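Here the structure is a predicted model, which means the values were calculated and not measured.
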Amino acid sequence: MADTARPLLSAAAIWRVADLLRGGMEPVEYGPVILAFTMLRRLELARVRPVRWLDAVARASEPQDCLDRLIVRLPASVREIVLQLEVPSLARRLTRAGMLGMMAAHFAALDLSPARYGTEAMARLFEELVHYFTTSQHTGAHFTPPEVTDLMVDLVFAPDGPGTHHALYDPAAGTGALLGRAADRLLARGVTADLFGQEISSRACALCRADMLLRGHVPEHIACGDTLARDGHAGRRFARMLSNPPFGLDWRHIRDTIQAEHAKGAVGRFAPGLPRVSDGSMLFMLHLVAHMRARRAGGARIGVVTHGAALSGGGAESGESAIRRYLVERGLIDTIIALPTDMFVNTGIATYIWILDNNRPAARRGMIRLVDATGLWQRATSGSGEKRREMTQSQIAAVVQACMVDTAMDIIQRDGADAASVPWQVLAHDAPTPDGTVDMHRMAFSRILPGREFLYRSLTVTRPARDGVPARTTFRVGMEHDPQAWFSQMIQPYDPAARLDTARTGTGCAISFARYFSHDVPSRPLAEIERDLCQSMARLVALMPGGGNGEP
């Protein structure tokens, strides 16, 4: 079985290759060379009858000619991957530097077998090379933490038992780590899936296609190109979808294309609304919804990772609010899970998993479950970048359990070292607190709420003009309030000159975890506060003229 923890190439091994390339190649080329030769080695080791392509190149009197002949004889699917990794052009540059044979010999001696190192190892190598040899630090754009993938798989495929077969799709596939781990986890449950995806980076797409090839899947099911600008699977519908699209994706370079599709209305992917151009993550959510298998055909379930802005960013008139409202009013949101911070390599911000479903039981339609899993984590065993925390399989199981019952759940936990909750227990909201938990905190863990609770009216109140410009104040008011009645009761008695601007009234949608989940920090002892206050006052006095010497 492939080792999911051990790196494909250690940092020392990466720098050994870099030392070999130094002086003959530019540092920006080190990463592409390492990826290309790593994949060539993995492809030759994966064959039923092992071949020695790299060894032949290393021994040839004309390494470039040998490699060219080898590429021509490769199967079409493998040859396309090799070309996407720019092997021919990299080889020519290595030849000019007199390094091609040496580099082939170095990698021919390494055991990089797919049987020993799986998909995640390749994805982590991709991240490491981006981190070391490019100016971009967005190293988490292609890799989803394994435990996040596991949680999404368990939730999205919850209705599926052994023997089930589905098409699984990821529109931001990266190097294929999410799809690969999902396939492995499903196979352990007796569930199989045909894997589909799309990736904008040609190099990451090549690695993803290579992994599909090694797994026995169809490499061409991974489309190459910008998913938002050109849908590589247009017209296809999927029963199951998983994705971790990039956070804060700027889409102004394809603005005209996106706006044109938005203008198509229901026949396009982006009819409900367009988010701000500085963050296109919610465009991926609409793209996924557009690919959902119809309810009459069995429906579809989606798991997608977002940052916090997707829940409440933008005012009532914003595209983000319009997209959320569309999802709420059509009953597509099944569950939203708040994850612990510091779980991703590239960011420590709050992240969330959305589970969308267009075929929920009648009793659940219109209801949304929120799960606060921010306290379920342990210190990462092998931290990288900003990843300092991870979830255990038992913690994942607790979240899945809370999502499978039709009742609200609480969590009892004791704060451990480094704020990690060591002992914890999940129980029904209406269950009594067990004995022996006096020193533990009981808090909300999951709540099931009507989707309508997340809708609000945006009411604008104007006041007489000052310097020719009327003053405007916007209020968020619950949908249960009649706008005029609210204004007459809450504003008019205290500001008779104010007016309700009915032309500016709108309906917005925002999802707030803070409203339903509190994380109260225990108050500090009074004596400790007084001591700190005295110390602060003493420091302040010392800074004043004559401070500390008794002078006024």
Side-chain angles (χ1 to χ4, degrees), residues 138 140-144 148-149 152 156 168-179 182 195-201 204-205 208 222-234 236-238 240-255 257-259 261-262 268-293 300-311 313-314 318-327 330 332-334 336-337 339 344 346-347 349 351-358 511:
H138 297 293
H142 299 280
F143 184 72
T144 306
V148 174
T149 298
M152 285 201 293
V156 169
L168 172 61
Y169 171 60
D170 179 1
T175 61
L178 191 157
L179 284 173
L195 305 181
F196 294 80
Q198 185 162 346
E199 170 54 34
I200 188 171
S201 162
C205 181
C208 187
I222 307 299
C224 193
D226 189 330
T227 300
L228 300 180
R230 185 191 64 80
D231 186 355
H233 294 284
R236 187 184 290 271
R237 297 293 178 264
F238 298 96
R240 302 289 181 260
M241 289 174 269
L242 301 171
S243 191
N244 173 26
F247 301 158
L249 177 70
D250 192 305
W251 53 277
R252 70 186 71 235
H253 62 292
I254 54 172
R255 188 202 310 244
T257 302
I258 299 298
Q259 289 179 336
E261 185 157 358
H262 171 64
R269 292 172 291 168
F270 310 124
L274 299 180
R276 68 199 79 180
V277 295
S278 60
D279 186 3
S281 58
M282 293 199 78
L283 290 176
F284 276 96
M285 192 173 292
L286 289 179
H287 170 85
L288 288 162
V289 169
H291 277 280
M292 294 180 91
R293 185 177 65 178
R301 284 174 66 83
I302 295 170
V304 58
V305 181
T306 74
H307 52 19
L311 275 75
S318 70
E320 292 91 338
S321 176
I323 294 169
R324 288 189 294 268
R325 182 180 174 187
Y326 174 85
L327 298 174
R330 281 155 182 78
L332 293 176
I333 304 176
D334 181 81
I336 303 177
I337 302 155
L339 296 172
F344 286 73
N346 66 321
T347 179
I349 65 173
T351 52
Y352 301 81
I353 292 175
W354 296 54
I355 304 298
L356 308 182
D357 192 328
N358 64 354
I511 299 170

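- Atom CG in L339 sits 9.0 Å away from atom OH in Y352 (nearest 0.5 Å).
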**Request:** Could you go through the side chain to side chain contact (heavy atoms under 4.5 Å, CB included) check for L178 and S243 one step at a time?
**Result:** CA-CA 8 Å; L178 191 157; S243 191; 5.7 Å; no

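- If you run side chain to side chain donor-acceptor pair (under 3.5 Å) between N244 and each of D170, T144, T306, T149, only T144 comes through.
- Side chains of R330 and V289 form no contact here, defined as non-hydrogen atoms less than 4.5 Å apart.
- Every residue two or more places apart in sequence or in another chain that forms a side-chain hydrogen bond (donor to acceptor under 3.5 Å, both in side chains) with H291 is listed here: D231.
- For S318, the side chain to side chain contact (heavy atoms under 4.5 Å, CB included) partners at least two apart in sequence or on another chain are E320, S321.
- Shown here are the salt bridge (Lys or Arg N to Asp or Glu O under 4.0 Å) partners of R324, two or more places apart in sequence or in another chain: there are none.
- Using a 4.5 Å heavy-atom cutoff, the side chains of V156 and I302 are not in contact.
- The salt bridge (Lys or Arg N to Asp or Glu O under 4.0 Å) check on R252 picks up D250, with sequence neighbours excluded.
- Here R269 pairs with E261 under the salt bridge (Lys or Arg N to Asp or Glu O under 4.0 Å) rule; sequence neighbours left out.
- The CG atom of L242 lies 5.0 Å from the CG atom of L168; values are rounded to the nearest 0.5 Å.
- Here the shortest heavy-atom pairing between A172 and F284 reads CB-CE2, 4.2 Å.
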**Message:** What verdict does the side chain to side chain contact (heavy atoms under 4.5 Å, CB included) test give for I200 and T227, after you've listed the backbone C-alpha separation in whole Å, the side-chain angles of each residue and the deciding distance to 0.1 Å?
**Reply:** CA-CA 7 Å; I200 188 171; T227 300; over 6 Å; no

**Request:** Quick one: do L288 and L356 satisfy side chain to side chain contact (heavy atoms under 4.5 Å, CB included)? Show the steps, please.
**Result:** CA-CA 10 Å; L288 288 162; L356 308 182; 5.9 Å; no

**Prompt:** What's the verdict on side chain to side chain contact (heavy atoms under 4.5 Å, CB included) for I511 and I333, showing C-alpha distance, side-chain angles and the deciding distance?
**Reply:** CA-CA 11 Å; I511 299 170; I333 304 176; 4.2 Å; yes

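- Legend: residues meeting salt bridge (Lys or Arg N to Asp or Glu O under 4.0 Å) with D226, ordered by chain and number and at least two apart, are absent.
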